[in-house]
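First comes the structure, then the notes that go with it.
Residue numbers run from 1 in the order of the sequence given.
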Amino acid sequence: MVFRKPPDGGWGWVIVVVSFFTQFLCYGSPLAVGVLYLEWLDAFGEGKGKTAWVGSLANGIGLLASPVCSICVSSFGARPVAIFSGFMVAGGLMMSSFAPNIYFLYISYGIVVGLGCGLLYTATVTITCHYFDKRRGLALGLISTGSSVGLFIYAALQRELIDLYGLDGCLLIVGALSLNILACGSLMRPLESSDSPPPEKTCVDKVPDQYFVYHEKEKTVEENISILEKGYVDEKCANNMPDYKQDSILNKNVLSPINVNEKDTYKKKVVEQTNFCKQLAKRKWQLYLNYWEETVVLFKNKVFSALFVAILLFDIGGFPPSLLMEDVARSANINEDDYHMPLISIIGIMTAVGKLTLGILADFKWVNTLYLYVTTLLMTGVALFAIPFAKSYLTLAMLSGILGFLTGNWSIFPYVTTKTVGIEKLTHAYGILMFFAGLGNSLGPPIVGWFYDWTQEYDTAFYFSGFCVLLGGFLLLLAALPCWNACTSQSSKLPPNTYSYKVASSA
């Protein structure tokens with residue numbers, strides 16, 4: 001398939017709109033799972049670390065499976081993957097309403113919903129990058145605000161639905177709303193060249209038809225030969241003695257009409273088909289080898305290697321507040337009458353603002369997107385260190401807003417990845433990075449919950465979270481410094497389609 005030059009508009013804006021609503025519908029409940037988290041604590045009576053696995057799996061499993069999600073989108077296209085994933089998200093949410101215990105939720109809400117969200121996220125990001133080039137930062141910022149707006153609305157919506165219909169009714173209604181993903185996915189038209197030549201046949205299609213389909217008359221004769229000869233040999237083996245009469249009858253009645261040339265032709269075709277199967281298997285194995293070779297080349301890029309460490313540590317430390325902030329406020333004995341808005345809703349709306357703002361900034365030529373991303377990491381680490389000192393709703397609300405805005409750096413992360421490895425390797429590299437992001441999402445909330453179970457307070461947990469994020473930010477900054485580039489440029493050469501960050505406005 002030959003792709004046109006990104007139009008930076010046209011049907012691309014339809015892609016942006018449907019991708020926005022897709023992320024809104026699929027990520028609304030998993031990101032606002034903090035509201036459900038409190039209900040599950042009371043319903044099942046499990047520890048906070050154990051219960052936190054449900055939300056962390058829902059947000060992390062899709063990222064962990066990002067390499068698989070990338071392969072699915074590359075193989076089947078964004079539209080089929082989005083439609084299929086809509087069924088997964090809706091089905092998982094509805095199944096969760098019948099959960100008898102926390103372990104059932106691990107499967108229905110954590111794995112099924114999480115995997116569906118991961119497929120949808122990869123599909124929306126990939127197709128948006130295909131439709132936009134100069135305005136890619138703005139487009140990615142717009143679609144990524146869908147999940148943040150979903151967090152803002154679903155936090156209040158799920159609380160209201162729980163009050164009206166209970167936890168089970170809430171999950172059923174939210175699951176039914178997710179079916180609208182099917183309509184959004186159907187509009188994700190792939191970007192193809194209208195005047196492109198017909199797609200080249202695959203290696204299987206290139207094989208002559210006679211390797212697979214024989215003439216009907218010839219095929220019937222050959223099948224008869226095979227069946228008769230097989231039965232004859234089996235019978236001789238069973239009797240363990242030669243039967244010359246049956247052999248002469250067989251040769252006289254069946255084999256005598258068969259021309260020797262036809263038997264040679266049949267054997268030749270069998271040999272050719274066997275050789276083709278061997279060559280096909282060899283090509284498939286070569287594709288897997290090429291995939292791992294490309295992966296090794298990616299990790300030779302020091303910026304990419306530092307990027308995967310940074311995203312892992314960022315998600316270990318930066319994700320727990322969006323899941324546990326409501327319980328942090330309850331543990332601090334803050335009066336519910338002081339609540340003007342759920343803390344999760346504040347995180348959600350400020351994340352939307354952050355994604356849009358940072359996405360717009362990424363489009364300016366004088367802004368280095370990598371340094372912008374590093375700045376958000378360092379500021380997030382400082383904000384996490386401040387959470388243990390917040391003892392009122394006002395201070396927690398301010399920190400929630402700051403953390404939400406800084407978490408908006410997700411909108412520029414695909415932009416940073418593209419500039420680091422090139423658009424040709426975006427799907428491959430992004431899948432690897434999202435795997436480590438999912439690992440961090442899956443580990444972060446349980447670690448914080450276990451810290452609370454051990455110490456009965458959140459202070460130590462958030463000190464640990466802040467340290468992780470700061471460490472990731474400093475490592476990425478070190479890898480991107482121009483002096484580090486100058487020291488290694490003579491000894492190593494960057495692979496093709498790889499870009500080196502400099503102090504100058506090269507972003």
Side-chain angles (χ1 to χ4, degrees), residues 19-39 52 54-56 58-60 62-63 89 93 109 113-114 117 120-121 124 140-162 170-171 173-174 177-178 180-181 314-315 317-330 339-360 376 379-380 383-384 387 390 393-413 437 441 444-445:
S19 297
F20 172 90
F21 282 105
T22 296
Q23 294 202 17
F24 171 85
L25 293 167
C26 75
Y27 275 105
S29 180
L31 288 179
V33 73
V35 176
L36 304 176
Y37 171 75
L38 298 177
E39 299 296 324
V54 180
S56 64
N59 288 276
L63 299 177
V89 174
L93 289 170
Y109 197 98
V113 174
C117 290
L120 284 167
Y121 182 78
T124 54
L140 291 174
L142 288 172
I143 69 168
S144 61
T145 56
S147 59
S148 304
V149 175
L151 169 58
F152 173 72
I153 294 178
Y154 271 73
L157 176 63
Q158 291 185 146
R159 178 171 290 180
E160 188 67 22
L161 290 175
I162 289 173
C170 170
L171 290 170
I173 294 173
V174 171
L177 288 174
S178 300
N180 289 285
I181 296 173
F314 171 73
D315 280 275
F319 176 67
S322 63
L323 176 62
L324 304 173
M325 191 60 81
E326 294 292 331
D327 193 51
V328 170
R330 188 168 71 171
Y339 272 62
H340 303 290
M341 183 184 295
L343 295 175
I344 297 180
S345 295
I346 296 175
I347 293 176
I349 194 63
M350 290 305 297
T351 301
V353 174
K355 287 178 176 179
L356 187 58
T357 304
L358 295 173
I360 293 174
T376 61
M379 294 178 66
T380 299
L384 289 170
I387 289 179
Y393 172 81
L394 180 60
T395 54
L396 283 176
M398 293 176 60
L399 288 174
S400 297
I402 294 172
L403 287 171
F405 182 86
L406 296 173
T407 306
N409 61 10
W410 274 101
S411 67
I412 63 174
F413 190 74
N441 270 351

Response to the item:
Applied to residues 396-407, the side chain to side chain donor-acceptor pair (under 3.5 Å) test, sequence neighbours excluded, yields none
Worksheet item: How many angstroms lie between atom SG of Cys26 and atom CG of Leu31, to the nearest 0.5 angstrom?
Response: 8.5 Å
Fill in: Side-chain heavy atoms of Leu403 within contact of Ile347, under 4.5 Å
no
Worksheet item: For Gly55 and Val33, which heavy atoms make the closest approach, and how far apart are they?
Response: CA-CG1, 3.8 Å
Worksheet item: Of all residues at least two apart in sequence or in a different chain, which pass the side chain to side chain donor-acceptor pair (under 3.5 Å) check with Tyr121?
Response: Tyr430
Worksheet item: Between Asn441 (side chain) and Asn59 (backbone), is there a donor-acceptor pair under 3.5 Å?
Response: yes
Response to the item:
Smallest heavy-atom separation, Ile387 atom then Pro321 atom, equals CD1-CG, 4.4 Å
Response to the item:
The reported gap from CD1 in Ile173 to CG in Leu161 (rounded to nearest 0.5 angstrom) is 5.0 Å
Fill in: Heavy-atom side-chain proximity of Leu177 to Tyr154 below 4.5 angstrom
yes
Discussion item. Less than 4.5 Å apart, side chain to side chain, heavy atoms only: is that true for Phe314 and Thr376?
Written reply: no
Worksheet, complete the sentence: Residues passing the ring pair (Phe, Tyr, Trp, His ring centres under 6.0 Å) test with Phe152, sequence neighbours excluded, are none
Discussion item. The criterion is side chain to side chain donor-acceptor pair (under 3.5 Å); which residues satisfy it with Ser147, sequence neighbours excluded?
Written reply: Lys355
Item to complete: Answer yes or no: is there a donor N or O on one side and an acceptor on the other, between the side chain of Asn409 and the main chain of Leu358, under 3.5 Å?
Response: no
Worksheet item: Can you check whether Val353 reaches Phe405 side chain to side chain, under 4.5 Å on heavy atoms?
Response: yes
Item to complete: Search all heavy atoms of Leu25 against all heavy atoms of Ser178 and return the closest pair with its distance.
Response: O-OG, 3.6 Å
Practice prompt. Verify, without hydrogens or angle tests, whether Tyr27 (side chain) and Cys117 (backbone) share a donor-acceptor contact under 3.5 angstrom.
Written response: yes
Practice prompt. Please identify each residue that fulfils ring pair (Phe, Tyr, Trp, His ring centres under 6.0 Å) with Tyr109, with sequence neighbours left out.
Written response: Trp40
Worksheet entry | Exercise: identify the closest heavy-atom pair between Val149 and Phe20 | CG2-CZ, 4.1 Å
Discussion item. Strictly distance-based, threshold 3.5 Å: is any side-chain N or O of Gln158 a donor or acceptor partner for the main-chain N or O of Val35?
Written reply: no
Worksheet item: Do you know which two heavy atoms are closest between Ala390 and Thr395, and how far apart they sit?
Response: CB-OG1, 3.4 Å
Item to complete: Would you please name every residue forming a side chain to side chain donor-acceptor pair (under 3.5 Å) with Thr357, sequence neighbours left out?
Response: none
Worksheet item: Going by heavy atoms in the side chains, are Leu343 and Leu399 under 4.5 Å from each other?
Response: no
Worksheet item: So how far is it from Leu151 CG to Ser29 OG, rounded to the nearest 0.5 Å?
Response: 10.5 Å
Practice prompt. Return the orientation label for the Phe21 and Phe24 ring planes: parallel under 30°, perpendicular over 60°, tilted otherwise.
Written response: perpendicular
Worksheet item: Looking at Pro320 and Gly444, what are the two nearest heavy atoms and their distance?
Response: CG-C, 3.6 Å
Worksheet entry | Spacing of Met379 atom CE and Ile402 atom CD1 [to the nearest 0.5 Å] | 7.5 Å
Worksheet item: Roughly how far apart are Thr22 OG1 and Leu120 CG, rounded to 0.5 Å?
Response: 6.5 Å
